[in-house]
Chemist: 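Here's a structure for you.
All values derive from a computational prediction rather than experimental measurement. Within every chain, numbering begins at 1; the chains are lettered A, B, ... in the order of the sequence lines, protein sequences first and strands thereafter.
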Number of protein chains: 2
Amino acid sequence: MIDDTRQRLIDAAGAIFANNGYEAASIRDICQQASANIAAVNYHFGDKKSLYVAAVRHAQSCADSENPEMTWPADMPPVERLRAHILQMLQRKLEGDKPAWHLGIMLREMAFPTEACAAVVEDYVRPMANGMRAILLDLLGHDFPEEEGNMIGFSIVGQVLFYYVHQPMIRLLIGSDAHDALTVQKLADHITNFSLAAIGLGPSLGHPTLTPPIPIKAMI
Amino acid sequence: MIDDTRQRLIDAAGAIFANNGYEAASIRDICQQASANIAAVNYHFGDKKSLYVAAVRHAQSCADSENPEMTWPADMPPVERLRAHILQMLQRKLEGDKPAWHLGIMLREMAFPTEACAAVVEDYVRPMANGMRAILLDLLGHDFPEEEGNMIGFSIVGQVLFYYVHQPMIRLLIGSDAHDALTVQKLADHITNFSLAAIGLGPSLGHPTLTPPIPIKAMI
DNA sequence: ATCGGATTGAAACAAGTGTTTGATTGAGAG
DNA sequence: CTCTCAATCAAACACTTGTTTCAATCCGAT
């Protein structure tokens, strides 16, 4: 591994950037956590900003590889594809397996964008949006008006991202116990059922006795 | 106005903190924008962090006063209260009348909390959450299970906050034209209809021919 | 073994940070 | 007028920041 320190720098930088933000992260802290010399970052990357975009790009590429095209079985009904899609989005953040900073640094870009935001959108957000759009077109019909389809997609993703971005606020609001009780599976089921009911493909919440008939087209 | 410069400092600091974040905002920039001396911030507030929390507290108090208890007419049906509530939340951010930083600095706290986050939650988020809870209890019945009610509230607020937080990402994703076409009124109508359909109190989107009957209880 | 380019190391650099100092101003009170 | 005290100002403080320098080191190729 010839670029050992280079990779160690990216890992340390990504974690610190994701936790503290770009400005609050100091090169000295990054190098210390990476067990590298202070000059290493300038030798391998040129300057701080280039190290930052390298960390973002690494997070993107890892997200791509961790994300096997999200290609569900072709015979999977679209309703179940939506359910699996929502569950997977939630799992990726709230049940972070290894490097929690991969999504953290991209969420920071999306909320308070720097010049690396456009790359994040093109390489990460747009493929995911296209996946969501494909599911929605199967659910709603391929002649569905684009603007309304966009808003429906935003409504679904917005529910998911809410638990991404405002996790600490939710914990303060409802308390640690109630927050811990909101398991990923419970949230995914709720968001899926809420959204399916909204577009008329599932029983509505709140008044469970009412189950509107489901169009035959979307059941296949 | 004896505390003229003190107020000018809070205004300038709030705007710069909201735009650049805490670390990236320099006291010299703030003082220059406030037409105050560099020593003024330490004279009036003590240090940078105290100035920051003063700006957050000012944003909270202003949000309170701008927000007249959100007390709708008592005879307003809960469905219309929800619609008005959602519209008002969206208007406050996307049609910012005067100081756009009041919500920006609080959104920053909610997404990447500092020690001032708890105060924001208690003084700003919790009253708004209680208002939403009151509407939902009227809509769903006052014996509705708390956890599911929380998740429904989060689903509604999450849709709204999505357009708050990820506005720049949405613009990059769907383009400036399509983004400008998403007027506040259009978004509010969509989120309201989407959410009402989800809880079984309105026609579902996507398959407009289906209009499930609305329970009598919630129509009053 | 020796050369040469790649990598690392400690130290210093200039610039910027938040903070403090002490003199200076200004206006109201005695 | 004189005294007083709060407010402002320019200047400097101590410190951290990102960046650079140049010698020391490593390691494979000759």
Chemist: Measure from NZ or CZ of B/Lys48 to the centre of the six-membered ring of B/Tyr22, then state whether that distance is under 6.0 Å and the direction lies within 45° of the axis.
Modeler: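 B/Lys48 over B/Tyr22 ring: yes.
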Chemist: Just how far, in rounded Å, is P of D/dC27 from CG of A/Asp4?
Modeler: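 Between P of D/dC27 and CG of A/Asp4: 12 Å.
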Chemist: Atom CG of A/Asn20 and atom CZ of A/Arg108: how far apart are they, to the nearest 0.5 Å?
Modeler: 7.5 Å
Chemist: Starting at CG of A/Asn42 and ending at P of D/dT19, how long is that distance when rounded to a whole Å?
Modeler: 5 Å
Chemist: Give the rounded distance in Å between these two atoms: CD1 of A/Ile30 and C1' of D/dT16.
Modeler: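 Going from A/Ile30 (CD1) to D/dT16 (C1'), I get 15 Å.
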Chemist: Using the side-chain heavy atoms of B/Ile27, tell me which of these nucleotides is nearest: C/dT19, C/dT7, D/dC9.
Modeler: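 Between C/dT19, C/dT7, D/dC9, the one nearest the side chain of B/Ile27 would be C/dT19.
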Chemist: A/Lys48 has an atom NZ; how far is it from atom P of D/dT20, in whole Å?
Modeler: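 Roughly 15 Å, once rounded to whole Å.
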Chemist: Counting just side-chain N and O atoms, does A/His44 come under 4.0 Å of either OP1 or OP2 of C/dT8?
Modeler: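 Yes, A/His44 has a side-chain N/O under 4.0 Å of OP1/OP2 on C/dT8.
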Chemist: Of all the choices, C/dT19, C/dA10, D/dT19, which nucleotide is nearest to the side chain of A/Ala39 once you look at every atom?
Modeler: C/dA10
Chemist: Check this for me: does the side-chain of A/Arg28 come within 3.5 Å of the base of D/dG18 through a donor and an acceptor?
Modeler: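 When only heavy-atom distances are counted, A/Arg28 does reach the base of D/dG18 through a donor-acceptor pair under 3.5 Å.
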Chemist: Using the ring centroid of each side chain, check whether A/Phe162 and B/Phe162 are separated by less than 6.0 Å.
Modeler: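 No.
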Chemist: In whole angstrom, what separates A/Glu23's CD from D/dT16's P?
Modeler: 18 Å
Chemist: Could you check how far OH of A/Tyr22 sits from P of D/dT17, rounded to whole Å?
Modeler: 13 Å
Chemist: Of the nucleotides D/dT21, C/dG18, D/dT19, which one has an atom closest to the side chain of A/Ile38?
Modeler: D/dT19
Chemist: Separation of A/Tyr43 atom OH from C/dG9 atom P, in whole Å?
Modeler: 13 Å
Chemist: Using a 4.0 Å heavy-atom cut-off across all strands, classify B/Ala25 as base, sugar-phosphate, or nothing.
Modeler: sugar-phosphate
Chemist: Would you kindly give the CZ-to-P distance between A/Phe45 and D/dG18, to the nearest whole Å?
Modeler: 15 Å
Chemist: Take A/Asn193 and A/Arg83, measure what side chain to side chain donor-acceptor pair (under 3.5 Å) needs, and give me the verdict at the end.
Modeler: CA-CA 8 Å; A/Asn193 297 335; A/Arg83 172 167 267 114; 2.6 Å; yes
Chemist: Run the side chain to side chain donor-acceptor pair (under 3.5 Å) check on A/Asp29 and A/Ser26 step by step: do they pass?
Modeler: CA-CA 5 Å; A/Asp29 287 347; A/Ser26 84; 3.3 Å; yes
Chemist: Base, sugar-phosphate, or nothing: which does B/Ala40 touch, judged by heavy atoms less than 4.0 Å apart?
Modeler: nothing
Chemist: Please state whether the phosphate of C/dA10, meaning OP1 or OP2, lies under 4.0 angstrom from any side-chain nitrogen or oxygen of A/Asn37.
Modeler: yes
Chemist: Given that A/Ala36 and B/Ser26 both sit by DNA chain C, which one's nearest nucleotide is further toward the 5' end?
Modeler: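 Its nucleotide being nearer the 5' end, the pick is A/Ala36.
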Chemist: Counting just side-chain N and O atoms, does A/Thr5 come under 4.0 Å of either OP1 or OP2 of C/dT8?
Modeler: yes
